Amino acid sequence: MPLVNVEATSEAGAAAGAISDEQRVLIDEAAAQQFYAERTWPSIIEAVREVDAAAAIALEQHLADNGVVDQKAEDARAALRAAIDPRNVGTDGTFLESWRLSETGYWSRAQASFSAQRSSSTDGALVAMANDELRLDPEQHRRSTIDARLRLFARRWAGAAGVRFGAHMLAETRAGLDQHLGTGWVDAPHFDETGVAELVEAETAVRWADDRSRHEADQDLFRISQLCGLAGDYATRRATRLRCSTRPVRPMPPLLSMAMPSKSFAGGSRSLGRSLPSDLAGFLADHGYDDLDALLRAVRRERAYREQRQSAPPRP
């Protein structure tokens, strides 16, 4: 659904007094964060409900009472009238003055094509000097390069999808950076308000892209394990699990004191115990668990596997 239709509908609701100005901004931001092909009124209402239930109720009632404004169709009809008879535009220019640009994915891509010509808040000489220093540590440079390109791709993906990050989403990112880095990170040398804003917007794009691709990247995750030479070891480990005889597993310890296995990247043959992280929600999101039950199932399977291997008779 076109974003311009959402904005016109919410604006009409605000003009009629059915939706407050704050709710209208929230509705527009929720719609802008959705991919246009997946943007529907039910999806917008649910997204709004997660932030403000009253705003979602007000939007539902306004749609039921007044319907939606198809601004896209209105613009098309106005363009046709102007093409047929330029006098329809009006000598006072009211048609042109009422026109408003909707920043679609096509427009974002056109803007991106000129990105190399746009100036940045960071001095180019400083960037070059810092990059030269970074290259002296090849491993750190490799990791930083991958991280930087992921941010570039995330920004371009969001731009191509026509996503605009609203103030609420940017504020959440800023709060997350403050919690992770401490509030003094903005006082680092060579930082100004523009630089901070650019960094926050880039981090927001990464979070948006990470959330959108979380379950779509499983196949690529397996391909990476193949490139690292780990897929064969994982297959062997799974086969060993299936050969182990089944028997009751002793009860799990209390959640807050249990140790969770951390798979070793050196072949999957070793495991390293570690206690439950303090940021449980962040751990679940970072490691691709849908919820706490999914994590507990993985822990129980690992425990069963270890106990069954210890009790399994030696193979001839």
Side-chain angles (χ1 to χ4, degrees), residues 3 6 25-40 43-52 55-56 103-105 107-109 111-112 115 120-122 140 142-188 191-221 224 277-292 294-295:
L3 181 59
V6 178
V25 171
L26 177 59
I27 292 167
D28 292 348
E29 288 183 354
Q33 291 166 14
Q34 296 182 355
F35 182 49
Y36 79 94
E38 299 172 359
R39 186 187 297 132
T40 63
S43 70
I44 295 170
I45 291 171
E46 288 308 308
V48 171
R49 197 187 311 278
E50 293 179 1
V51 181
D52 187 340
E103 295 186 15
T104 65
W107 175 257
S108 298
R109 283 195 292 273
Q111 285 185 310
S115 60
S120 172
S121 64
T122 306
Q140 180 62 47
R142 184 187 68 84
R143 292 195 301 267
S144 298
T145 298
I146 293 174
D147 201 30
R149 288 173 181 171
L150 286 175
R151 276 156 175 72
L152 172 63
F153 296 149
R155 293 200 311 273
R156 289 189 175 179
W157 185 11
V163 175
R164 297 206 306 269
F165 302 120
H168 179 76
M169 197 170 184
L170 293 172
E172 283 188 344
T173 301
R174 174 64 182 270
L177 289 172
D178 289 345
Q179 182 179 8
H180 180 66
L181 302 174
T183 55
W185 68 272
V186 296
D187 299 323
F191 248 152
D192 56 20
E193 292 184 7
T194 303
V196 171
E198 290 176 351
L199 189 146
V200 169
E201 185 167 3
E203 289 298 309
T204 303
V206 170
R207 292 185 177 205
W208 172 85
D210 179 68
D211 182 68
R212 182 172 175 78
S213 63
R214 186 172 302 280
H215 296 291
E216 298 178 11
D218 286 349
Q219 184 70 20
D220 292 290
L221 190 61
I224 290 175
S278 57
D279 182 11
L280 181 58
F283 181 90
L284 296 175
D286 289 344
H287 294 279
Y289 291 106
D290 290 330
D291 49 35
L292 180 58
L295 170 62

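Keep in mind that this is a model prediction, so the values were computed, not measured.
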- Task: For the residue pair V186 and R174, establish whether any side-chain heavy-atom pair is separated by less than 4.5 Å.
- Result: yes
- Query: Rounded to the nearest 0.5 Å, what separation is found between the CG atom of L150 and the OG1 atom of T145?
  - Reply: 11.0 Å
- Message: For the backbone of A167 and the side chain of E29, can you confirm whether one donor and one acceptor N or O come within less than 3.5 Å of each other?
- Response: yes
- Item | N/O donor-acceptor pair under 3.5 Å between Q34 side chain and S43 backbone | yes
- Atom pair OG1 (T40) and CD (E46), whose distance is rounded to the nearest 0.5 Å: 9.5 Å
- Message: Are there over 12 heavy-atom neighbours, none belonging to Q140, within less than 6.0 Å of that residue's CD?
- Response: yes
- Task: For D211 and R207, run side-chain contact (heavy atoms from CB on, under 4.5 Å): C-alpha distance rounded to whole Å, both residues' side-chain angles, the deciding distance at 0.1 Å, then the answer.
- Result: CA-CA 6 Å; D211 182 68; R207 292 185 177 205; over 6 Å; no
- Item | Heavy-atom closest contact (F35 atom, A161 atom, distance) | CD1-CB, 3.6 Å
- Query: So, R39 side chain and A31 main chain: donor-acceptor pair closer than 3.5 Å or not?
  - Reply: yes
- Item | Minimum-distance pair of heavy atoms, taken over all atoms of F165 and A158 | CZ-CB, 3.8 Å
- Query: Can you name the nearest heavy-atom pair linking I27 to V6, along with the distance?
  - Reply: CG2-CG1, 4.1 Å
- Query: Can you tell me how far CD of E50 sits from CG of D52, rounded to the nearest 0.5 angstrom?
  - Reply: 12.0 Å
- Tell me, with the steps shown, if W185 and V196 meet side-chain contact (heavy atoms from CB on, under 4.5 Å). CA-CA 10 Å; W185 68 272; V196 171; 3.9 Å; yes
- Query: So R151 and D147, side-chain contact (heavy atoms from CB on, under 4.5 Å) or not? Walk me through it.
  - Reply: CA-CA 6 Å; R151 276 156 175 72; D147 201 30; 2.5 Å; yes
- Task: For atom CD of E38, decide whether the heavy atoms of other residues, nucleotides or ligands shown that lie under 6.0 angstrom number more than 12.
- Result: yes
- Item | L3 CG to D28 CG distance, which is reported to the nearest 0.5 Å | 7.0 Å
- Item | Closest non-hydrogen atom pair between A205 and A154, with its separation | O-CB, 3.6 Å
- Query: Can Q33 and T204 be said to form a side-chain contact (heavy atoms from CB on, under 4.5 Å), step by step?
  - Reply: CA-CA 11 Å; Q33 291 166 14; T204 303; over 6 Å; no
- Answer yes or no: is there a donor N or O on one side and an acceptor on the other, between the side chain of R164 and the main chain of A32, under 3.5 Å? no
